[in-house]
Amino acid sequence: MVEAKRVGVQISNRWIVKEVSFTIEPGQLVSIIGPNGAGKSTLLKVIAGERALHHGHVQINGQDIRNHPSSEIARLRGVLSQQLHLPFSMKVIEVVMLGRYPYRKKETNAQSRLIALQCLEDVGMASFENRQMETLSGGEQQRVHLARVLTQISIENSTKNRYLLLDEPTASQDITQKYRLLSLLKYLCKEKGVGVLIILHDLHLAAQYSDQILLLKNGSALAYGQPQKVLSRHRIQEVFDLPEDIYAGTFNNTIQGLVHPLSFF
Amino acid sequence: MSTPIQYIETNNKHWVLQDLLGILMSRKGLTIALLLSMFCSLFVGAYVVPFSEFYTSLIEWFYGEKGIASDPFLYMLIYIRLPRVVLSVVVGGGLAAAGAAIQGLFRNPLADPALIGLTSGAMTFAVAGIVFASLFMEIVQSFLGYTLITFLAFIGSLLSTLLVYWLATKKGRTSVTTMLLAGIAVTALGGALTGLMTYFSSEDELRDITFWTLGSLAGVSWQMLAIIIPMVLIAISILLFYAPQLDLMLLGEQEAAYMGSNIQQAKWAVIGGVALAVGACVAVSGVIAFVALVVPHLIRLVKGPRHHNLILSAALLGGVLLLLADMFARTIIAPAELPIGIITALIGAPFFIGLLLKKRDQLW
């Protein structure tokens with residue numbers, strides 16, 4: 001379990017994140033939503049152990065992240081950023097095997113390869129093993145990177161009690177790719193026991209796929225809980241400064257679910 | 001149904017070529033190529049040594065009938081040609097390994113130590129060493145003099161690496177344009193300072209300086225090698241040690257940090273290792289451009305960009321290429337010889353243009 005308790009981050013005497021608390025259970029998908037500048041990325045970096053926090057604490061599986069070296073944290077959580085550009089041509093399997101970096105002193109190349117292949121299969125890219133990265137589409141490349149991050153948190157072929165943190169992975173993707181990615185993440189949660197924390201801009205996606213939603217504005221958590229409770233029409237209009245007519249009716253439909261969460265995978 | 005069959009056949013031919021290249025570019029293949037070209041290189045030059053003569057001389061020396069100094073063949077082989085062959089291997093290997101590492105660090109295949117000003121920085125400091133040391137004391141030709149010049153060349157390349165890296169990198173991302181422009185600026189500054197110093201130099205020093213700016217492997221002694229070889233070996237060991245971190249940096253600094261690697265430490269170590277290799281090579285052989293650009297690119301094409309293999313293979317192939325280039329430089333206008341920098345530039349510059357053409361879309 002990832003437990004964030006009253007997390008606060010300060011930049012030049014201003015609180016970017018204020019007293020935010022939430023938890024990610026294994027097998028859960030938790031999304032962070034909120035307008036630009038709400039402190040979403042900062043919060044994700046704090047959970048990832050990349051950024052110092054000035055208040056509260058973050059624990060992964062009961063251990064405070066500040067007391068652990070980065071190599072140990074790397075085995076507990078993987079972070080996937082937006083589109084990555086590789087400077088040199090690389091095979092898919094080579095990219096995925098980079099994920100075994102934290103275990104490089106303990107296992108052979110052949111062992112790493114097996115785990116990498118397993119993770120490629122988990123993201124549905126098993127047949128792409130020997131393809132060059134630049135011949136893949138943007139969505140496929142992202143799934144390869146997802147496999148790399150999974151490889152990073154796989155211990156003895158299990159990703160139970162491990163966590164994935166994703167910063168706006170659906171930015172600049174079309175609707176099919178967005179649903180595919182979220183279906184895949186949902187599958188990894190349900191079948192592999194991974195806990196996922198994801199920053200989303202698309203409220204429809206958040207409504208359909210999340211187990212818990214954290215709504216941030218100006219660094220504070222305005223609401224935290226199940227989608228039905230957090231995404232009330234009134235609150236959305238208030239947080240995102242939307243005129244009444246744009247969002248009228250939309251959320252009543254999506255929360256019941258237009259697309260089945262696993263239908264794209 | 002003839003089309004699919006034809007397709008498979010052409011595909012097969014392609015694979016045969018790939019397999020051959022794969023064997024040649026493997027570390028075993030490259031080691032054999034290196035040993036072969038070292039052997040050939042020993043017997044080719046302005047003065048051709050027939051192998052039979054060498055063999056009888058060697059036997060005579062072995063049984064104590066003749067000393068090395070009294071036998072012209074052996075003397076030439078051991079004090080002139082062998083050091084030069086060893087130097088080619090060390091300089092080619094050192095430059096190519098440094099190129100492989102700096103390209104990984106800058107995340108860019110166009111980062112050649114000569115193009116981004118590292119060699120120029122090393123040269124400027126080395127020339128300053130020659131000119132100013134001789135103004136005050138007469139030790140330049142001694143052992144200590146070489147050490148001093150080598151050390152200064154290291155400092156020069158270190159400073160220019162730091163300058164270029166600082167200019168071109170912002171928030172863990174390196175801009176190609178800024179990197180190349182910073183290289184131009186550093187090279188221009190280095191050229192100007194070197195030019196200025198030629199006016200303070202004596203006739204002999206001027207010859208040394210010219211020889212440096214064009215790049216040459218001539219006139220090397222075992223004493224110089226004794227300084228250079230350990231430096232290059234240490235540099236390559238440092239780079240190999242940080243090879244896994246360089247692999248991660250292909251994904252970007254932020255990603256590498258997320259994967260649990262100590263990026264800052266790796267970065268400084270790689271910069272230090274590259275500066276050490278480039279400084280050592282420039283101190284003995286001057287500016288030899290493009291080896292560091294061409295060699296890692298060739299290895300990457302066949303074997304991919306994983307740095308452990310890349311750095312080792314680049315060191316081997318760099319040695320082979322420089323040996324071949326040097327053989328050419330020694331024989332084409334024999335008994336005179338071309339500066340080797342001219343030959344590497346003749347091969348490397350068109351290669352660089354080809355690389356630019358290929359990368360043009362990404363650079364815009």
Between CD of B/Q254 and CD of A/E50, what distance do you get to the nearest 0.5 Å?
5.0 Å

Can you name the nearest heavy-atom pair linking B/M259 to A/P102, along with the distance?
O-CG, 3.6 Å

If we only count heavy atoms from C-beta on, is the A/H145 to B/L251 side-chain gap below 4.5 Å?
yes

I need the minimum non-hydrogen distance between A/H85 and B/R107, along with the two atoms involved.
O-NH2, 2.7 Å

Does any non-hydrogen side-chain atom of B/P305 lie less than 4.5 Å from one of A/E94?
yes

I'd like to know which of B/H297, B/Q103, B/Q245 tops the heavy-atom pair count under 4.5 Å against chain A.
B/Q245

Do you know the tightest heavy-atom contact between B/L250 and A/F88?
CD2-CD1, 3.5 Å

Tell me, for A/L98 versus chain B, whether the close heavy atoms (under 4.5 Å) come from the side chain, the backbone, both or neither.
both

Could you tell me whether a side-chain N or O of A/R75 sits under 3.5 Å from a main-chain N or O of B/G260, the two making a donor and an acceptor?
no

How about A/Q152 and B/Y258: do any of their side-chain heavy atoms sit closer than 4.5 Å?
no

Can you say whether A/S89 sits under 4.5 Å from chain B via the side chain, the backbone, both, or neither, judging by heavy atoms?
backbone

In Å and rounded to the nearest 0.5 Å, what is the CE to CG distance from A/M97 to B/D247?
10.5 Å

